[in-house]
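Read the structure below first, then the notes.
Order of the sequence lines fixes the chain letters, A, B, ..., with proteins taken first and strands second; residue numbering starts at 1 for each chain.
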Amino acid sequence: MLDPRLVRTDLDAVAKQLARRGFQLDTAAFAELEARRKAVQSRTQELQSERNARSKSVGQAKARGEDVTPLLAEMQGFGDELKRNEQQLDAIQRELEDLLLNIPNVLDGDVPDGASDADNREMFRWGEPRCFEVPPKEHFDLGTALGGMDFEAAVKITGSRFVTLQGPLARLQRALTQFMLDMHTTEHGYVEAYVPFMVNADSLRGTGQLPKFETDLFKLVRDPPYYLIPTAEVPVTNLVRDEIVEADRLPLKWVCHTPCFRSEAGSYGKDVRGMIRQHQFEKVELVQITRPEDSSAAHEALTAHAEAILKKLDLPFRRVVLCAGDTGFSSAKTYDLEVWLPGQNAYREISSCSNFRDFQARRLRARWRNPDTGKPELAHTLNGSGLAVGRTLIAVMENYQDGEGRVVVPDALLPYMGGLRTIG
RNA sequence: GGAGAGGUGGCUGAGCGGUUUAAAGCGGCGGUCUUGAAAACCGUUGAUGGGAGACCAUCCGGGGGUUCGAAUCCCUCCCUCUCCGCCA
């Protein structure tokens, strides 16, 4: 959520900022609603003040043993007007809140203009894509031929956009997970977290998935509803919801491995084959909570932590900065890491690292105590995939295929594979 | 699932219809003392919203109600703890 005070006082400038993303802020409607809020709020508070004063004098008169019936008679009908105003104010504030919750974050100044992913700007490439003597296969062809990667079984068990893994490929996915967790905890200073895979609506509102993106989520039939997490970002970032963190504890750095569940509504026909786009996938997530002045540096560091995994696995990748139109709702600036997939002959997203500034923190009421002022102030939140494990599995399979249908285990994963050097 | 006890400021915890505008302690901040620090002592210290400001309003788990007036009474939901039962 944006700072309501900022939106109020600098409406046109905010609208101009948001237009970069293609978001149309109805400034006239907002200004009108805000004017009504102000009028009704002043009137309501006036009435409340009067009620408090009169009630107090009733109490005092009673204490002196005086007859209070004339005082009470004077207040006939007073409560009705107050109640009307309070209800009106409540409705207006709800409307304002609804409006504010649906406004995306303002972008950092260095986010490039652009409308879609076609306008994202490549910053650099790392690693040389291998030359293959025979055309490299896609992971699903490799996996089904090797055995152990079975999409049909998943369709039978559940439906489309799921997969089953068995044997060495299942182990390879676990090895990748362990490797990532070990790197981030021992070399990058993250604390490992285990969290619920179902969350309540408040948590999703806090990180920005609700109210706008409910159709992307799996909702459980229950009252009140729970939702399957679309990313560990939700439960982990919500660790600081309604908290005031002491300054000396910052930055908070968590790494967390969870399954992620996404309905993929609206992605019909996209990446229908293979493991690229599934309803359920494994991800290792990095989350940081920082002081406001530290978040830009933390964003660079966190992205480098995700890149370190790709480098250790010797997987070619590139970093792109998302353009204005492609940056997510809650994010002020996002880097995507795209890994080279020889089978697709393309770079594909494997990590997304975002700085949310105080946008999530305001929704979460996630604060820290600033020692300079002694006051609680909004913290900054960041997160990034470190990495999407399912897609890393794909990348390893495609980049490490030997041309004869086998997959060589990357050196970095050997300690996790129980001596297995080749799959197939 | 059964029985009981509770949810109050950063934390502990008192208050159970009207001098509570939420006591007290801890912690934090400032000061005295000290070469420095600790201890001791003195002072100070909740959050959110509105207002240029003096100030005003709201907040005692969430929502609703009773009342001139609710942290306090009523309804409802959520959560925590203790005992019993069941269970990976």
Side-chain angles (χ1 to χ4, degrees), chain A residues 1-11 30-31 33-101 194-206 210 220 222-227 235 238-250 252 289 291 358 361-379:
Chain A
M1 197 162 78
L2 298 179
D3 184 353
R5 215 173 313 201
L6 179 77
V7 181
R8 206 156 50 223
T9 56
D10 229 348
L11 187 56
F30 185 89
L33 191 58
E34 178 54 29
R36 268 169 59 211
R37 192 226 91 225
K38 200 164 181 172
V40 175
Q41 181 166 346
S42 319
R43 179 65 186 147
T44 304
Q45 294 190 352
E46 216 174 274
L47 290 169
Q48 284 172 331
S49 181
E50 193 176 341
R51 176 206 57 198
N52 291 346
R54 290 198 188 201
S55 294
K56 193 167 183 178
S57 61
V58 171
Q60 288 168 339
K62 235 177 174 171
R64 282 187 249 107
E66 298 171 6
D67 179 19
V68 298
T69 41
L71 282 172
L72 294 185
E74 265 177 55
M75 295 191 72
Q76 282 298 335
F78 185 85
D80 293 338
E81 194 190 349
L82 175 57
K83 188 166 247 173
R84 254 200 322 278
N85 273 275
E86 282 178 336
Q87 282 168 348
Q88 208 180 340
L89 179 61
D90 201 55
I92 293 172
Q93 276 174 333
R94 231 194 301 268
E95 214 176 314
L96 262 175
E97 171 102 350
D98 264 15
L99 221 153
L100 283 165
L101 281 174
Y194 173 80
V195 293
F197 302 159
M198 303 174 199
V199 294
N200 57 36
D202 280 345
S203 293
L204 288 156
R205 206 171 297 119
L210 289 182
L220 301 175
R222 193 184 172 280
D223 189 33
Y226 287 164
Y227 299 80
N238 271 276
L239 284 167
V240 291
R241 170 150 57 90
D242 288 316
E243 299 289 334
I244 300 173
V245 183
E246 290 305 324
D248 57 11
R249 289 186 56 211
L250 294 176
L252 294 170
I289 315 293
R291 302 181 181 209
D358 62 10
R362 186 170 293 106
R363 291 168 164 245
L364 294 159
R365 292 170 304 280
R367 295 168 296 172
W368 68 294
R369 195 172 292 282
N370 185 343
D372 294 336
T373 61
K375 297 286 179 191
E377 295 173 14
L378 292 173

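Among the atoms of the strands shown, none is found under 4.0 Å from any heavy atom of A:P224. In this structure, A:R365 reaches neither bases nor backbone, as no heavy-atom distance under 4.0 Å exists between it and the strands shown.
Using modelled atom types, no side-chain atom of A:R291 and backbone atom of A:N370 make a donor-acceptor pair closer than 3.5 Å. The closest donor-acceptor contact from the side chain of A:S42 to the backbone of A:K38 lies under 3.5 Å.
A:L6 places its CG atom 14 Å from the P atom of B:rG49, with the value rounded to the nearest Å. Rounded to whole angstrom, the span from the CZ atom of A:R5 across to the C1' atom of B:rG49 amounts to 8 Å. In this structure, A:R362 atom CZ and B:rG49 atom P are separated by 9 Å, rounded to whole Å. To the nearest angstrom, C1' of B:rG65 lies 15 Å from CG of A:L82. Atom CD of A:E243 and atom P of B:rG9 are 12 Å apart (whole Å). Following rounding to the nearest Å, A:E86 (CD) and B:rG63 (P) show an atom-to-atom distance of 14 Å. Going from atom CZ of A:R37 over to atom C1' of B:rA57 covers 12 Å, rounded to whole Å. What separates CG of A:D80 from P of B:rG65 is a distance of 13 Å, to the nearest Å.
Annotation: B:rA71 and B:rG1 have their C1' atoms spaced 33 Å apart (nearest Å). For the P atom pair drawn from B:rU80 and B:rU72, the interatomic distance equals 23 Å after rounding to whole Å. The same atom, P, is picked in B:rC60 and in B:rC73; the two are 14 Å apart, to the nearest Å. For B:rU12 and B:rG65, the C1' atoms lie 33 Å apart once the distance is rounded to whole Å. Annotation: B:rG43 and B:rG25 have their P atoms spaced 11 Å apart (nearest Å). On the P atoms, B:rG69 is 15 Å away from B:rU21, given to the nearest whole Å. Spacing between B:rU20 and B:rG46 at atom C1', rounded to whole Å, works out to 15 Å. If you take atom C1' in B:rG4 and the same atom in B:rG9, they sit 29 Å apart, rounded to whole Å.
Remark: A:P196 pairs with no residue by the side chain to side chain contact (heavy atoms under 4.5 Å, CB included) rule, at least two apart or across chains. Under the rule for a side chain to side chain contact (heavy atoms under 4.5 Å, CB included), the partners of A:R362 that lie at least two apart in sequence or sit in another chain are A:M1, A:D3, A:P4, A:D358, A:L378. Applying the side chain to side chain contact (heavy atoms under 4.5 Å, CB included) test to A:E46 and every residue at least two apart in sequence or in another chain returns A:R43.
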Pull out every protein N or O sitting under 3.5 Å from an N or O of nucleotides 67-76 of chain B, one pair per line with the distance.
{"unit_1": "B:rC68", "atom_1": "O2'", "unit_2": "A:S55", "atom_2": "OG", "d": "3.1"}
{"unit_1": "B:rG69", "atom_1": "O4'", "unit_2": "A:S55", "atom_2": "OG", "d": "3.0"}

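Contact annotation: the side chain of A:K56 never approaches that of A:N52 to less than 4.5 Å [non-hydrogen atoms, C-beta and beyond]. A heavy-atom distance below 4.5 Å is found between the side chains of A:Q93 and A:Q41.
Taking 4.0 angstrom as the limit, A:K375 places none of its side-chain polar atoms (N or O) nearer than this to OP1 or OP2 of B:rU45. Look at A:S49 and you'll find a side-chain N or O under 4.0 angstrom from OP1 or OP2 of B:rA57.
Candidate nucleotides B:rA57, B:rU66, B:rA47 were compared by shortest atom distance to the side chain of A:R367, and B:rA47 ranks first. Closest approach to the A:K38 side chain among B:rG51, B:rC56, B:rU66 is made by B:rG51 (side chain taken as heavy atoms from C-beta onward).
Ionic pairing of A:R84 and A:D80 is not present here: no N-O contact between side-chain nitrogen and carboxylate oxygen is shorter than 4.0 angstrom.
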Compile the donor-acceptor pairs under 3.5 Å between side chains in residues 197-206 of chain A and protein atoms, sequence neighbours left out, one pair per line.
{"unit_1": "A:N200", "atom_1": "OD1", "unit_2": "A:D202", "atom_2": "N", "d": "3.3"}
{"unit_1": "A:N200", "atom_1": "OD1", "unit_2": "A:S203", "atom_2": "N", "d": "3.0"}
{"unit_1": "A:N200", "atom_1": "OD1", "unit_2": "A:S203", "atom_2": "OG", "d": "3.2"}
{"unit_1": "A:D202", "atom_1": "OD1", "unit_2": "A:R205", "atom_2": "NH1", "d": "2.8"}
{"unit_1": "A:S203", "atom_1": "OG", "unit_2": "A:R241", "atom_2": "NH2", "d": "2.9"}

Base-pair string, RNA chain B, Watson-Crick plus G-U, cut-off 3.5 Å on both distances, | for inter-strand, is ((((((((.[[[..)..(.....]]]((((((.......))))))(((((....))))).[[[[[..)....]]]]])))))))....

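Within a 6.0 Å radius of CZ in A:R249, no more than 12 heavy atoms belonging to other residues, nucleotides or ligands are found.
The nearest heavy atom of RNA chain B to A:Q87 and to A:S42 marks one nucleotide each, and the one closer to the 5' end goes with A:S42. Comparing A:D90 and A:Q48, the nucleotide of RNA chain B nearest to each residue sits closer to the 5' end for A:Q48.
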For this session: Decide side-chain contact (heavy atoms from CB on, under 4.5 Å) for A:Q48 and A:E86; before the verdict, give the C-alpha distance in whole Å, the side-chain angles of both, and the deciding distance to 0.1 Å.
Result: CA-CA 9 Å; A:Q48 284 172 331; A:E86 282 178 336; 2.9 Å; yes

